Amino acid sequence: MHRPRRLKITDLNPHLICVLCGGYYVDATTIIECLHSFCKACIVRYLETNKYCPICDVQVHKTRPLQNIRSDKTLQDIVYKLVPGLFQKEMRCRREFYAKHPEAQP
Ligand SMILES: [Zn+2]
Ligand SMILES: [Zn+2]
């Protein structure tokens with residue numbers, strides 16, 4: 001017998017966490033080839049020296065891996081919806097960053 005139970009955030013965490021940094025996705029970005037997702041900063045940095053997916057080892061692209069990744073807005077929305085306070089925290093981090101580095105203002 002299976003009793004229905006409420007979904008806990010800890011059950012969902014494995015789907016919301018980037019394997020490269022161990023944190024929640026920031027600017028979730030998905031490899032088109034295998035649909036694995038990472039933070040944008042994490043996967044871009046990783047692909048500077050690798051052409052294979054960190055999870056399943058599929059070749060992202062023969063020569064230019066960055067051409068085969070896409071921002072995953074849907075996934076990012078889910079992360080923000082499911083992780084209370086993450087969006088606010090993120091925005092605060094950005095504000096603090098730009099307050100300290102006004103020259104980096106977009
Ligand atoms: Zn990451
Ligand atoms: Zn993969």
Side-chain angles (χ1 to χ4, degrees):
M1 264 290 280
H2 245 50
R3 273 196 305 159
R5 62 196 178 111
R6 281 167 58 94
L7 217 48
K8 286 185 310 223
I9 187 74
T10 44
D11 294 333
L12 291 165
N13 269 346
H15 305 283
L16 309 176
I17 280 178
C18 163
V19 297
L20 292 174
C21 65
Y24 291 111
Y25 294 130
V26 176
D27 291 334
T29 299
T30 298
I31 294 176
I32 294 172
E33 205 62 38
C34 60
L35 299 179
H36 283 126
S37 305
F38 312 89
C39 312
K40 181 163 191 191
C42 291
I43 193 62
V44 166
R45 203 179 315 136
Y46 183 89
L47 291 176
E48 280 170 5
T49 50
N50 290 281
K51 293 191 180 66
Y52 299 89
C53 170
I55 294 178
C56 67
D57 238 17
V58 78
Q59 190 178 52
V60 179
H61 190 274
K62 269 201 181 64
T63 48
R64 298 176 181 195
L66 295 182
Q67 285 196 343
N68 261 3
I69 57 174
R70 289 286 177 270
S71 285
D72 198 327
K73 195 177 173 312
T74 314
L75 177 62
Q76 190 63 52
D77 283 349
I78 293 172
V79 173
Y80 282 146
K81 275 203 190 86
L82 290 177
V83 185
L86 182 69
F87 183 73
Q88 283 76 5
K89 184 165 157 261
E90 193 107 328
M91 289 300 125
R92 197 171 58 234
C93 282
R94 276 183 208 196
R95 271 201 306 277
E96 280 165 12
F97 175 81
Y98 288 124
K100 273 187 218 137
H101 307 270
E103 75 283 356
Q105 204 81 242

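On a predicted model such as this, the values are computed, not experimentally measured, just so you know. Order of appearance sets the numbers: ligands from 1, and atoms from 1 within every ligand.
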- Mark yes or no for whether Gln76, through its side chain, and Tyr25, through its backbone, hold a donor-acceptor pair below 3.5 Å. yes

| query | Backbone N or O of Val60 within a donor-acceptor pair of the Asn68 side chain at under 3.5 Å? | reply | yes

Output field for angle at the Zn ion (ligand 2), His36.ND1 vs Cys56.SG, rounded to 10°, should show 110°

Note: SG(Cys34)-the Zn ion (ligand 2)-SG(Cys53) angle, rounded to 10 degrees, equals 110°

Just wondering, do [Y] and [X] contact through their side chains at under 4.5 Å, heavy atoms?
X	Y	answer
Cys56	His36	yes
Ile43	Pro54	yes
Cys34	Tyr52	no
Val79	Lys81	no

Protein-derived N, O or S atoms sitting under 2.8 Å away from the Zn ion (ligand 1) total 4

Note to self: If you apply the rule side-chain contact (heavy atoms from CB on, under 4.5 Å), what do you find for Phe38 with Thr29, and how did you get there?
What the structure shows: CA-CA 5 Å; Phe38 312 89; Thr29 299; 5.7 Å; no

